[in-house]
2 protein chains.
Amino acid sequence: MTEDASLARLSLNTATTKRWTLQEAVNGAVRAGLPAVGLWRDRVQEAGIDKAARIVADAGLRVSSLCRGGFLTAADDTAARAALDDNRRAVVEAATLGTRELIMVVGGLPAATTPGGPASAYPAPGGPDAARDLVAARERVVERIGDLAPFAAGHGVRLVLEPLHPMFAADRAVISTLGQALDIADPFPAEAVGVVVDTYHVWWDPDLRRQIARAGAAGRIASYQVGDFVLPLAADALLSRGHVGDGYVDFATITRWVAEAGYTGDVEVEIFRQEIWDVPGDETVARVAARYREHVLPYL
Amino acid sequence: MTEDASLARLSLNTATTKRWTLQEAVNGAVRAGLPAVGLWRDRVQEAGIDKAARIVADAGLRVSSLCRGGFLTAADDTAARAALDDNRRAVVEAATLGTRELIMVVGGLPAATTPGGPASAYPAPGGPDAARDLVAARERVVERIGDLAPFAAGHGVRLVLEPLHPMFAADRAVISTLGQALDIADPFPAEAVGVVVDTYHVWWDPDLRRQIARAGAAGRIASYQVGDFVLPLAADALLSRGHVGDGYVDFATITRWVAEAGYTGDVEVEIFRQEIWDVPGDETVARVAARYREHVLPYL
C-alpha cells in the first residue's frame, strides 16, 4: 500500500502486534501505509541490532522511539551498575536504529523486586524501611538520570522519562506524573532529557493540561503514545490497555492539549492486551489506523 | 477488655470486618480495647439510624467518620437531584450518629456508569464526548459540593473529600490527588469541607508531603485512614487493600508527615479484602491492632 496522508504521523509500536517479528511488524506497517514504527528492544535484539536497523531503513520507515531503558531504582551498587550498563547499551541501540528517543521506564520499589516479595523485604520492627522508601527510590532515579544523560547526549539520544500510571508505582516506575517527570528533566537541556505523554498512564491527572503545556513550552515532548484505559483491569494490570475508543480516555481533549503544546511528531499506538495479541496482526493494524482517524487525527 | 492507651487513637472501620453487623463490630471493637469506629452507611441503615446511634453511644465509642456520601458526577438533572437528596440524608445520618466527618467518594465518569459500558456511551464519530469528559465531571463535583456544603455545615457536619487512587478515576472518583481535593476545598471554611488522607489511595503521590502539610495548615485533615497497597491487584481492584505491613506503603514516612501536619485525630483502619473478610472478626481486629502498634503508632 502507498503512504496515506491521513496516517502521516501514525506509528505502530511493535508491542501492539506482539506475535510479529520485527520484519513482520515492519512489513505490516508498510502494507497499512504507516510511515513509522516504535520498537521494543526484545524484537530488536532477536533480529540483531544491525540487521534490525537495516530492516527498518530498507522499508523506508522512521523509528519513532525505542522502548525501553530504565529500571534504575536498585538500592545496591552491583545491581545499580548493571542497570547503568544496560542503559548505555540501550542508548547505543537507539543511535544505531536512527531514533533519538529512548523511552525510560524508571523502575519501582526495591520491596517489589526482592525475591519472596514484600513480607521478606520487611525490616525488623521499628527499623528503617529502605525497601519501601519511595522518596529515596525517586532520589536514586534523579541521580542516575544525571549519570546517563551526558552519555546519551553524546550519542544524539534523548532519555525520555515515562510517567507510569500510579498503579505501577510499586513495581514498575516511581515516576507517576508528568509534572514529576518534568521536574526531573528541568536541569537538563531539552535535547538530553524529554518526556512521553502516554494517555493510558496520565489521562486521570487533574494537572495534565498545565503539565502538557509546560512540556511543550520546554521542547520536551518526545512522544505522544495512545492507548485506552479499559475496565475491568486485567489480572496483569499492564495488559488492561485497549484500542483507542474502547475505554475511558477522552482522546479529543488530551490530543488537543498536546497539539496546542506545539507537538508535531509521531503518534505511537502502543497497546498491551491479550485479546488483541490473539487477533491477526493485519486486523489489529487496520483497527489501529481506523481508531486513530476517528478519535485522534481530528484533534491533532 | 479495658481501654489500652496504645490504642487511644485507633478506630475500626466496619468495612474491615464486613461480615459483622453493626452491633457485632461495636462489640468487637470494645473487646479489643478500641475507642472508636468508622461506620459505613449499609450497616447503619440495616440497624436503623436511631438504633445505630444508640448502639455506638451505649458502648462509649467515638464515631470517627461515616462512609460515605458522594457520587455527584451525573450529567443529567434527575440523577444529579437524586444524588444531592441522598447526600443530604447522609449528612443527617452523620449528625445523628454524632460524627462531624462525612467521607465523600465523589463518583466517576458518566461513561463508566452507563448501562452497556463505554461502547454504548460513545457518541457519533467526531461528536463531543460528554461521557468521557473528565474536566466537566470534575466541574460538576465542585458545583455540587458548593450546593451541599451549607446544608452540611448547618448540621455540624463536614464534607470530607476523599482522593481515590487514579485507577478508580473512571468508575469511582474523579478526585485523584490530595492537592486536587484541597483546591476544591479552598473556598470553604475548614469546618465545612475537609479531606481524608487514605494511604492506599495517595501513597504514590510525588507531591504528598507538601499536600499533607498544606491540608494540616488549613485545618482540613478530617481523617487518617490506613490500608496497604498489595500486589497483584485483586480481580476487583477495590479489594486489593491489605493489612498494614503486607504491601508497599511506607507507613513510617507518611504517618510522620501526617503527625508533622498537626493531625491529632483517630487513625481508621479500613481494609477491603476477601481473604480478610473470610477470617473471624476478632482475629482481624487483633491483627489490625498489632500492625497499628508496629507500623503506625511509633511515628504518630
Side-chain angles (χ1 to χ4, degrees), chain A residues 108-109 111-112 117-119 121-122 125-129 131-136 138 165-171 174-177 179-180 183 201-209 228-237 240 242 245-254 293-295 298, chain B residues 108-109 111-112 117-119 121-122 125-129 131-136 138 165-171 174-177 179-180 183 201-209 228-237 240 242 245-254 293-295 298:
Chain A
L109 292 173
Y122 230 103
D129 186 7
R132 280 171 189 70
D133 188 337
L134 185 55
V135 173
R138 285 169 167 162
H165 193 288
M167 70 183 153
F168 303 115
D171 60 344
V174 295
I175 297 185
S176 306
T177 64
Q180 182 195 4
D183 288 347
H201 293 303
V202 302
W203 71 276
W204 57 271
D205 185 351
D207 205 25
L208 188 59
R209 180 180 200 161
D228 214 338
F229 185 87
V230 175
L231 292 177
L233 296 173
D236 176 352
S240 305
D246 282 352
Y248 296 103
V249 171
D250 180 355
F251 287 97
T253 298
I254 297 177
R293 282 201 192 91
E294 183 178 0
H295 298 297
Chain B
L109 292 174
Y122 230 100
D129 187 8
R132 279 169 190 72
D133 188 338
L134 185 54
V135 174
R138 285 169 167 163
H165 192 288
M167 70 183 154
F168 303 116
D171 60 343
V174 295
I175 297 184
S176 307
T177 64
Q180 181 195 5
D183 288 346
H201 292 301
V202 302
W203 70 276
W204 58 270
D205 185 352
D207 204 26
L208 188 59
R209 181 180 199 162
D228 213 338
F229 185 86
V230 175
L231 291 178
L233 296 173
D236 177 351
S240 304
D246 281 351
Y248 296 104
V249 171
D250 179 356
F251 288 98
T253 299
I254 297 177
R293 282 199 191 92
E294 183 178 359
H295 298 296

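Here is the naming used below: chain letters follow the sequence lines, and residue numbers restart at 1 for every chain.
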Given the options Ala169(A), Pro206(A), Gly179(A), which has more heavy-atom pairs under 4.5 Å with chain B than any of the others?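 If we count pairs closer than 4.5 Å to chain B, Pro206(A) comes out on top.
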Where on Asp205(B) is there a heavy atom nearer than 4.5 Å to chain A: the side chain, the backbone, both, or neither?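 Backbone of Asp205(B) only, per the 4.5 Å heavy-atom cut-off to chain A.
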Q: Please flag which part of Val174(B) lies under 4.5 Å from any non-hydrogen atom of chain A: side chain, backbone, both or neither.
A: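 Contact with chain A is absent: no heavy atom of Val174(B) under 4.5 Å.
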First locate atom [atom1] of [X], then atom [atom2] of [Y], and finally report the distance between them rounded to the nearest 0.5 Å.
{"X": "Asp250(B)", "Y": "Asp228(B)", "atom1": "CG", "atom2": "CG", "value": "10.0 Å"}
{"X": "Thr177(A)", "Y": "His201(A)", "atom1": "OG1", "atom2": "NE2", "value": "13.0 Å"}
{"X": "Ser176(A)", "Y": "Leu208(B)", "atom1": "OG", "atom2": "CG", "value": "11.0 Å"}

| Considering only heavy atoms, which portion of Val230(A) lies under 4.5 Å from any heavy atom of chain B: side chain, backbone, both, or neither? |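 Neither part; nothing is under 4.5 Å.
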For Asp183(A), which atoms come within 4.5 Å of any heavy atom of chain B: side chain, backbone, both, or neither?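 Nothing of Asp183(A), per the 4.5 Å heavy-atom cut-off to chain B.
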Exercise. Take the angle between the ring planes of His295(A) and Phe251(A) and call it parallel below 30°, perpendicular above 60°, tilted in between.
Key: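 Taking Phe251(A) first and then His295(A), their aromatic rings sit tilted (interplane angle of 30° to 60°).
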* Asked: Would you call the rings of Phe229(A) and Trp203(A) parallel, tilted or perpendicular, where under 30° means parallel and over 60° means perpendicular?
  ->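 Phe229(A) vs Trp203(A) ring planes: tilted.
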